[in-house]
Amino acid sequence: MAKIEINEKKILGHINPEIQGQFSEHLGRGIYEGIFVKEDSGIPNKNGMRKDVVEALRDIHVPLLRWPGGCFADEYHWMDGIGPRENRKKMINTHWGGVLEDNSFGTHEYFELCRQLGCKTYVNGNVGSGTVQEMSEWIEYMTFDGASPMTELRKRNGSEDPWELDYFGVGNENWGCGGNMTPEYYGNLYRRYQTYCRQYHPDHPFRKIACGPSDAGAFWTKGVLETCFAKPGGDQFHGFMDLLSVHYYVLPGGWEHKGSATEFDKAMWFQTMKKTLYTEDLLKLHGDILDTYDPKKQIGISFDEWGGWYDCEPGTNPGFLYQQNTMRDALIAGTTLNIFNRHCDRVRLACLAQMVNVIQSVLLTEGEKMIKTPTYHVFHMYQYHQDADLVAADLFENEEVGTEENPVPALNASVSVKNGIYTITAANMDPDHSYPLELRFTDFQPKHASGSVVTEEMHAKNTFEEPDCVTEKALENLTLTPHGVKTTIPACAVLMIRLS
Ligand code: AHR
């Protein structure tokens, strides 16, 4: 019997809602078709945004949306995306399929989408091919309400009031698609660009995000911090950055041959699980470096690109990164979100890549049809962790499963509390065996227990023909004990229990 011992007297941190954020780039059918269909579409929409998609996203309480990229961000010139749509400059989206980008989804459309979702905003600026002035004027356009040229322009384009900008990214992956820079070069550019990202609202300042490493790129983390902090030790904290980004994708077969999204054997399954757990190693690696420079933890990690990335679906545009989503993705999501919760002292924001129709999505669309992926249902269960406090919890008698090359602990979990209600989420990476599970608190005596579970055979997925093969179901076998609850976690499952 696996056991989770919960010490409810030990609160370890606060889980920012933004940890469950989403990312949408101008990439394939992520925004166009997937979210934005324009006002005159036959697909039901409000101000151009698909009603079915917005409604589904509201049900998981998307806390934050990052836009416009990704690699696209460092090619994006925001002024091309404002004003009457018919006059907007067109461009070739060189990163993603070489298709024509008509800029019909721009700044105004983005803030309208966030308004409909009721989420926080995270705009990623262009360092790679943009100027300091361009970035500075974008901030002025979005946030200034005094008399100024950018305010006038925004008003002429139909938005009388400025918007609330919550986070601003100064470049994206500038070690690669964002300009192939060295960390020192980027660090210096960062210092300069962020200087002109003016805070026009002292009562609601946006937080600045510096481009951080990919994977285990410790040289980048050190180089940027060294350049922007001057000395390890934290005494010379300049307040240049509020967060540092980290990007990591689970690529089961590596970059060249990622592998099919739907056809995989057990060896590939466990390789995927092992690579998912590596997220925690990365947080320790970059967290330790951050601790050296910033022991007071003033800088957060913005894990603003994560997810399982496979070969795109056969017959689709390879530049569109469209892939199916199975129970394997549910396990990636459940496990990764548990890891983020447990590292909420540093991880203050994270974004799944990407929200609709691109890489590991919560929703897929085809014409007027929309389906919820297994990943969606995990986010739906995990939403109770948003804005909750992380509670100390240890797993015991956790079986080791997997292959010789890729052994993994069967279970992983996280526990939080909000308004006196405890939320426990757990994932079972074992595709073949269920496990009896006991949750035990130090003193707390729960009176009510409820929960739900997402579980199916490891290849199970939802399709446009069969949209409900994988859904969230009520967890039936919950038995209260004096200090907790007993249940069984099925094979290949992500579950959520609420206790009060
Ligand atoms: O999410 C797809 C791409 O992956 C993003 O554009 C880029 O930032 C990353 O390499």
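Whatever order the structure lists ligands and atoms in, that order sets their numbers, starting from 1. In what follows, residues are counted from 1 in the order of the sequence shown.
Ordered by chain and residue number, the residues placing a heavy atom less than 4.0 Å from ligand 1 are F23, E25, G70, C71, W96, N172, E173, Y249, E305, W309, Q354, I359.
In this structure, Y141 has its ring center under 6.0 Å from that of H108.
At least one side-chain heavy atom of I35 sits under 4.5 Å from a side-chain heavy atom of M49.
No more than 12 heavy atoms of other residues, nucleotides or ligands shown are found within 6.0 angstrom of CZ on R207.
Figure legend: cation-pi geometry between R29 and Y322, with NZ or CZ positioned under 6.0 Å from the six-membered ring centre and within 45° of its axis.
Partners of C177 under the disulfide bond (SG atoms under 2.5 Å apart) rule, at least two apart in sequence or in another chain, are C71.
Ion pairing of D468 with K372 is absent here, as no side-chain N (NZ or NE/NH1/NH2) approaches a carboxylate O to less than 4.0 Å.
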